[in-house]
Amino acid sequence: MSRIVVIANREPYAHERDKNGGIVVRRPASGLVTGIEPMLRRARGTWIAYGGGSADRETADRSGRVAVPPGAPEYTLRRMFVDEHEYARYYAGFANEALWPLCHIAHTRPHFRRDDWMAYERVNAAFARAGVEESAGDGLLLIQDYHFALVPRLVRREAPDIVTSLFWHIPWPSAELVEICPWKDAIVGGMLGADVVGFHTRQYCMNFLETVSRGVDCDIDEHEMSITTDDHRTLVREYPISVQWPYPAAPRSAGRSLRQSLGIGDGVHVALGIDRADYTKGLLEKVGAIEALLERNPDLAGRFVLVQIASPTRSVIREYARLASELRDAVARVNDRFGNDAWRPILLLTKTVSPAEVREFYAMADSAIVTPLHDGMNLVAKEYAASCNDGEGVLVLSRFAGAAKELDTALIVNPYDVEQVARAIVRAMRMPAAERHARMQTMRARIAAHTIDDWSQSIVSDMIDLRSAPQPELLGEAAAG
């Protein structure tokens with residue numbers, strides 16, 4: 001099997017100091033880890049990531065390498081240790097205050113600062129060097145997400161025999177929006193160093209082709225979905241990411257126990273939201289929909305509750321801190337307006353939950369409300385449907401989530417239209433069992449047909465095919481001869 005190396009900002013295992021001075025292993029809840037790790041285990045490959053754990057340095061060797069999983073190692077984690085201030089400029093600054101809002105149509109202005117861009121360049125260069133070293137000059141290098149747009153071109157210059165892919169996990173916006181980025185040409189040029197560039201949906205692929213056509217001297221083949229410059233061809237592919245199947249769902253009994261621990265009585269319809277506290281997730285709009293729901297349906301008092309998990313994220317960025325404050329205020333307003341001593345319509349949990357805890361929340365829910373304003377895919381929507389082994393449950397899903405393209409038997413809504421979302425919640429509550437089961441069965445069948453393993457294997461298969469295929473320029477020379 002070809003040597004496989006992955007570059008991602010997030011590491012699959014982090015070593016942390018606990019309050020007693022001991023070292024514990026933290027494993028993040030991440031669909032990316034679920035999708036990539038089995039492949040790396042089989043290939044005995046390497047995962048290159050930022051080492052952010054407080055005990056990461058002392059548990060790795062001098063090169064930052066540590067065998068993982070701890071206790072039963074099957075592949076290598078190479079940690080990159082970046083200066084704290086440099087990392088802040090690269091990650092919080094350029095990646096998440098420039099690229100993230102640029103790629104999400106969610107009313108937050110991107111901030112383009114030269115110091116952030118220069119840090120982004122330097123960190124990308126460091127990861128590219130590590131990618132070449134770990135790939136030993138050839139092999140397959142899978143680069144993950146918007147944190148590393150420059151890496152493909154840098155790797156290609158240093159080691160052209162390495163086959164590279166870049167998967168962009170967030171939306172790729174329209175060409176007009178991309179134009180506002182001062183370093184758009186460098187970003188697009190960096191991406192075109194990859195042999196394969198992947199996105200969640202065909203629309204994102206087409207947006208990328210349009211962006212390239214406006215600023216790069218190249219040949220674009222929309223039938224083949226390829227971009228050819230003077231010295232290189234890049235394939236552009238749709239790879240919709242998914243979830244594990246069969247999904248390790250928690251039993252409904254665990255959900256009933258959780259319901260009791262939260263003080264939710266029998267006969268109450270529990271709608272669930274699980275989101276990062278990010279302005280793209282439509283959390284304030286969701287609260288507005290609950291307010292509209294209770295205004296129009298006062299008989300639901302005491303019979304409905306939204307359990308909303310809002311996991312803290314990027315709190316050092318001003319927009320995120322402001323959202324957290326506004327969300328708390330909005331929930332308090334709705335609870336004060338409609339609730340009483342025995343019942344609150346919205347239960348807001350601002351904490352990070354483990355994968356096992358997430359599964360228990362799914363088992364508790366009668367429905368899920370997944371209403372981002374703009375989302376590349378949204379794996380919560382797929383996980384919730386995959387968890388409904390008994391066919392029970394209704395999914396209310398934003399049309400602006402990539403998952404809506406596949407899960408079209410969910411109740412599809414415009415999250416900006418709070419009245420429409422409110423009506424969908426009422427429909428979910430009143431939906432006959434036969435309709436619930438039919439809709440859920442269709443969603444689950446589609447998830448089963450395209451799992452997280454299929455996603456990673458499709459990318460790797462295309463890379464292997466490229467390695468064995470004759471180069472286009474050689475084919476041209478043969479034809480001329």
Side-chain angles (χ1 to χ4, degrees), residues 28-29 52 84-85 87-89 91-113 116 170 262-264 270-295 304-341 343-354 357-358 361 368-376 378 380 396 398 400-401 413-419 421-422 425:
E84 180 181 347
H85 298 293
Y87 185 80
R89 288 190 294 265
Y91 180 76
F94 194 77
N96 288 310
E97 286 193 276
L99 287 180
W100 178 269
L102 177 70
C103 292
H104 290 86
I105 308 168
H107 315 305
T108 295
R109 176 181 177 274
H111 297 281
F112 300 109
R113 295 179 287 259
D116 294 343
I170 62 177
L262 294 174
I264 302 172
V270 177
L272 176 67
I274 300 182
D275 303 276
R276 288 185 303 107
D278 190 292
Y279 53 78
T280 67
K281 300 301 182 181
L283 292 169
L284 295 175
E285 289 77 7
K286 190 185 299 187
V287 172
I290 302 306
E291 190 167 24
L293 171 74
L294 297 173
E295 285 175 348
F304 169 89
V305 63
L306 168 67
V307 176
Q308 177 63 57
I309 298 171
S311 302
T313 184
R314 303 169 188 164
S315 57
V316 298
I317 298 176
R318 182 185 310 165
E319 288 85 353
Y320 288 83
R322 182 170 63 241
L323 171 66
S325 176
E326 291 177 354
L327 180 60
R328 288 192 298 269
D329 291 346
V331 169
R333 184 191 72 245
V334 172
N335 283 341
D336 289 344
R337 181 180 175 191
F338 297 100
N340 53 49
D341 291 341
W343 169 72
R344 288 178 297 164
I346 303 176
L347 178 58
L348 177 64
L349 305 176
T350 54
K351 64 176 185 177
T352 300
V353 290
S354 69
E357 290 172 319
V358 167
F361 277 99
I369 306 176
V370 182
T371 48
L373 306 179
H374 197 192
D375 210 336
N378 195 292
V380 167
V396 178
S398 167
F400 304 121
V413 296
N414 177 351
Y416 295 91
D417 186 342
V418 297
E419 299 285 351
V421 177
I425 294 170

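Computation of the quantities below employed the complete heavy-atom set of this structure, encompassing side-chain atoms and omitting hydrogens, waters and symmetry-equivalent molecules. Predicted, not measured: the structure shown is a model, and the values here were computed from it.
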Visitor: Measuring only between side-chain heavy atoms, which start at C-beta, is Lys286 closer than 4.5 Å to Leu306?
Guide: yes
Visitor: Contact between Leu283 and Gln308 at the side-chain level, heavy atoms closer than 4.5 Å - yes or no?
Guide: yes
Visitor: For the atom pair NZ (Lys281) and CG (Leu327), what is the distance rounded to the nearest 0.5 Å?
Guide: 14.0 Å
Visitor: Can you tell me how far CZ of Phe361 sits from CD1 of Ile309, rounded to the nearest 0.5 angstrom?
Guide: 4.0 Å
Visitor: Can you tell me how far apart CD1 (Ile425) and CZ (Phe304) are? Round to the nearest 0.5 Å.
Guide: 5.0 Å
Visitor: Using a 4.5 Å cut-off on heavy atoms from C-beta on, say whether the side chain of Val334 contacts that of Pro345.
Guide: yes
Visitor: Quick one, Arg333 with Glu291, criterion salt bridge (charged side-chain N to carboxylate O under 4.0 Å, His left out). Give me CA distance, side-chain angles, the key distance, then yes/no.
Guide: CA-CA 9 Å; Arg333 184 191 72 245; Glu291 190 167 24; 2.8 Å; yes
Visitor: List the steps, then state whether side chain to side chain contact (heavy atoms under 4.5 Å, CB included) holds for Val331 with Asn335.
Guide: CA-CA 6 Å; Val331 169; Asn335 283 341; 3.5 Å; yes
Visitor: Check this for me: Arg344, atom CZ, are more than 12 non-hydrogen atoms of other residues, nucleotides or ligands nearer than 6.0 Å?
Guide: no
Visitor: Does any non-hydrogen side-chain atom of Leu349 lie less than 4.5 Å from one of Val307?
Guide: yes
Visitor: Any chance you could lay out the salt bridge (charged side-chain N to carboxylate O under 4.0 Å, His left out) test for Glu295 and Arg337, step after step, and finish with the verdict?
Guide: CA-CA 10 Å; Glu295 285 175 348; Arg337 181 180 175 191; 2.7 Å; yes
Visitor: Between Arg113 and Glu97, is the closest basic N to carboxylate O distance under 4.0 Å?
Guide: yes
Visitor: Hey, are the side chains of Phe400 and Leu373 touching, using non-hydrogen atoms and a 4.5 Å cut-off?
Guide: no
Visitor: For the residue pair Leu284 and Leu323, establish whether any side-chain heavy-atom pair is separated by less than 4.5 Å.
Guide: yes
Visitor: For the OH atom of Tyr279 and the CZ atom of Arg314, what is their distance to the nearest 0.5 Å?
Guide: 7.5 Å
